[in-house]
**Q** 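One structure, as structure tokens, below. Some questions next.
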Amino acid sequence: MSAAPSPLTASAEAVTEARALTQRLSRSLGIPTASSLLDQARPRPVLPALARLFARGGLPQGEAVQMSGRSALSLALACCALTTQDGGWCAGIGLGEPAVSAMQDLGVHLPRFVCLDTPAQDWMRVTSILIESFDVLLVAPGFSASAGERARIAAKLRDSRATLILLGRTHATALTSAARTSPSAARTAPALPAAAPFPGSSEHVTVLGESWEGTDEGSGRLRRRVLRVHSARTGEHTLVLPDPQGAAAPVAPAHSDVPAGTLRLVRDA
């Protein structure tokens, strides 16, 4: 005699069967699901040097995009540039005081970007309100939201077709926050936990490393920064942010006077 399935097992099986039935009906009747509609939506344009970071060539509408790494803020601001230039509205929540001149160099049209000095404990409430009024929200979360809160935000994103860019909280962020209150605390402050993934978030971009150029001989000025970036959907990329003009640019291919396939003699020291 077999044992009766537990309520949790029966519930999981019911959910699986319901999803399978939805997919079969969608295919047979030609009725698109919510996820397929979002996949077909035209993405928000980004600068050409950044388009290859995203599977659809731009910021997805109605979804959350997660960015992390030391230079994630610069990358996120650059991704907002064309939205503001095309007349859209962007808002920054919990970003502190970004350098306005640097934002302008990155291509952000400042009259279309609103930066809010929001207390850390209020970021979820403020984000939920602004989703209905702004095209792109750039947010540094003050705490890790619960599963229910993330689901509610995801639902509002789908309804409004807004884009939410979430910045990951790194060890450097924790040290910076601690240093503002106590130098001794900055030496011992632990890293803040990484934000949990949002439902429906399909784009995860991580800055793996950076290197500045311009002072190779021990003097001069910093001219450009080369970023090594990994996207969960499109792989690893290298780009310049900022270039000598402060904008984003692709990395120019290296040129060499030595023909390809030429052997070079290496002498032992």
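In what follows, residues are counted from 1 in the order of the sequence shown. These values consider heavy atoms only, across backbone and side chains, with no hydrogens, waters or symmetry-generated copies.
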**Q** Taking all atoms of both residues into account, what is the closest heavy-atom pair of C115 and L95, and its distance?
**A** SG-CB, 4.4 Å
**Q** Keeping the roles fixed (side chain from R112, backbone from W89), state whether a donor-acceptor pair exists under 3.5 Å.
**A** no
**Q** Any chance you could lay out the side chain to side chain donor-acceptor pair (under 3.5 Å) test for Q66 and H204, step after step, and finish with the verdict?
**A** CA-CA 5 Å; Q66 295 183 285; H204 300 259; 2.9 Å; yes
**Q** Kindly compute the distance separating CD (Q121) from CZ (F143), expressed to the nearest 0.5 Å.
**A** 8.5 Å
**Q** Using only atom types and a distance under 3.5 Å, with no angle test, would you say the side chain of Q104 pairs donor to acceptor with the backbone of L110?
**A** no
**Q** Can any side-chain N or O of E63 pair as donor or acceptor with the backbone N or O of P60 at less than 3.5 Å?
**A** no
**Q** For L167 and A76, which heavy atoms make the closest approach, and how far apart are they?
**A** CD2-CB, 4.0 Å
**Q** Any side-chain heavy atom of I93 sitting closer than 4.5 Å to one from L138?
**A** no
**Q** If the condition is side chain to side chain contact (heavy atoms under 4.5 Å, CB included), which residues does R223 pass it with, not counting sequence neighbours?
**A** P244
**Q** Would you call I153 and L164 a side-chain contact if the rule is heavy atoms closer than 4.5 Å?
**A** yes
**Q** For the CG atom of L59 and the SG atom of C80, what is their distance to the nearest 0.5 Å?
**A** 7.0 Å
**Q** Please answer whether the main-chain N or O of W212 pairs with a side-chain N or O of R225 as donor and acceptor at a distance below 3.5 Å.
**A** no
**Q** State, to 0.1 Å, how close L53 and T234 come at their nearest heavy-atom pair, and which atoms those are.
**A** O-OG1, 3.1 Å
**Q** Whether the side chain of D243 engages the backbone of G246 through a donor-acceptor N/O pair (distance < 3.5 Å, no angle test) should be reported.
**A** yes
**Q** Please determine which of V251, L208, V207, L239 meets the side chain to side chain contact (heavy atoms under 4.5 Å, CB included) test together with R228.
**A** L208
**Q** Between G88 and D135, which heavy-atom pair has the shortest distance, and what is it?
**A** CA-OD2, 3.1 Å
**Q** Might you point out which heavy atoms bring V46 and C79 nearest each other, and give the distance in Å?
**A** CG1-O, 3.7 Å
**Q** Evaluate the side-chain proximity of V136 to R44: yes if any heavy-atom separation is below 4.5 Å, no if none is.
**A** yes
**Q** Give a yes or no answer on whether the side chain of T84 reaches the backbone of H109 with a donor-acceptor pair at less than 3.5 Å.
**A** yes
**Q** Any sub-3.5 Å donor-acceptor pair from S71's side-chain atoms to S74's backbone N or O?
**A** no
**Q** Please name the pair of heavy atoms, one in K156 and one in S128, separated by the smallest distance, quoted to 0.1 Å.
**A** NZ-O, 2.7 Å
**Q** Give, for atom SG of C90 and atom CG of L130, the distance between the pair rounded to the nearest 0.5 Å.
**A** 12.0 Å
**Q** Mark yes or no for whether Q85, through its side chain, and G107, through its backbone, hold a donor-acceptor pair below 3.5 Å.
**A** yes
